[in-house]
Amino acid sequence: MAHSNPHIEPGAYTGRFAPSPTGPLHFGSLIAALASFLDARANQGVWLVRMEDLDPPREPEGAAQQILDQLQHLQLHWDGEVLYQSQRHAAYEAAISKLAKQQLCYECSCTRQDIREMGLVYDGRCRNTSHPHDTQTALRVVTNNNPCQIDDLIQGNVCQNVQQEVGDFVIQRKDGFFAYQLAVVVDDAYQGITHIVRGYDLIDSTPRQLYLQQIMGYPTPSYAHIPVIVNAEGQKLSKQRFAAAIDTDMGAKLILEALKFLGQQPPENLLGATISDLLEWGIAHWDIQSVPKLANIPELTI
Ligand code: GLU
């Protein structure tokens with residue numbers, strides 16, 4: 001069920017929330033959903049949801065639907081249809097063919113052990129071999145030595161030389177699945193995404209994505225990386241670490257806590273307000289400049 005805003009100027013702002021359905025939303029992913037939603041709505045923008053279901057073995061059955069149900073319950077209503085990456089394989093194949101024609105990708109047979117021995121930065125040793133494509137090879141993109149610069153709306157300037165710090169990176173895995181880096185870039189371009197608001201844990205991936213956008217001739221959206229919530233041991237809250245799935249019956253309380261986490265300052269009288277009142281306040285008062293660079297969680301009560 002989609003909600004559409006008649007006041008949106010098409011093309012001016014298109015944002016998205018792009019969860020991987022490896023489990024239900026937890027408080028950390030709710031924060032990312034809320035931040036991208038508020039930024040889009042405060043800018044009279046379109047807000048899309050894209051299901052990044054690229055890795056079936058890691059996706060419990062029903063998780064994608066569960067996430068969509070949670071978003072609906074939290075009244076984070078998206079525009080248009082949900083895009084499923086599992087339906088987009090032809091587009092990723094086409095992108096790979098284009099790169100192959102430009103000789104910008106190659107098959108690599110190196111093992112994890114080889115890559116550990118290289119110090120985790122791939123040194124390009126398979127570039128000039130011609131391994132046939134099979135289940136023992138991954139496809140890597142040829143990087144170059146130019147630094148990639150991001151002007152992140154929250155984190156400021158981030159600069160990375162992809163070749164020196166990451167090396168030629170994988171765009172299709174040995175198991176045949178398309179890599180996140182490739183799919184995210186193809187789909188951000190396909191959906192006309194102009195603004196990306198997402199968790200800080202993905203900031204390291206952004207230079208690789210900028211690089212792919214450049215070589216594929218796609219525009220680069222603006223980026224804002226919000227702090228990522230960590231647990232008492234300082235680890236990122238993730239589904240893999242069994243972060244409690246959010247209980248949508250506590251929806252209003254969760255939205256209120258998420259607003260605070262994002263550095264917004266909801267007034268006391270919003271305590272006990274409905275989800276829709278909280279979201280309305282959040283959109284009217286959204287200030288991306290108030291989002292802290294790093295997580296500050298001591299006041300969190302849930
Ligand atoms: N699917 C990715 C994740 O859930 C996020 C992708 C993105 O926002 O670029 O971690």
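Whatever order the structure lists ligands and atoms in, that order sets their numbers, starting from 1. Worth knowing before you read on, the calculation uses all heavy atoms, side chains too, and leaves out hydrogens, waters and symmetry mates.
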Check: N161 main-chain N/O paired with E165 side-chain donor or acceptor under 3.5 Å: yes

Q70 side chain to Q66 side chain, donor-acceptor N/O pair below 3.5 angstrom: no

For ligand 1, the portion of Y180 having any non-hydrogen atom under 4.0 Å away: side chain

Close approach, Q209 and ligand 1, non-hydrogen under 4.0 angstrom: no

Structural part of I196 in contact with ligand 1, heavy atom criterion under 4.0 angstrom: neither

Under 3.5 Å side-chain donor-acceptor pair for Q164 and N145: yes

Interfacing atoms of ligand 1 (cut-off 4.0 Å, heavy-atom, R198): 7 (C), 8 (O), 9 (O)

Short side-chain donor-acceptor distance under 3.5 Å, Q264 and S290: no

Ligand-side contact atoms (ligand 1) for residue partner R16, heavy atom cut-off under 4.0 Å: 7 (C), 8 (O), 9 (O)

Numbered atoms of ligand 1 (with element) below 4.0 Å of V184, judged on heavy atoms: 9 (O)

N or O contact, S20 vs ligand 1, cut-off under 3.5 Å: yes

Sole candidate of D39, L153, V197 that passes side-chain contact (heavy atoms from CB on, under 4.5 Å) when paired with I226: V197

Polar proximity ligand 1 side, P19 side, N/O cut 3.5 Å exclusive: no

Parallel, tilted or perpendicular: rings of Y92 and H89 (30°, 60°): tilted

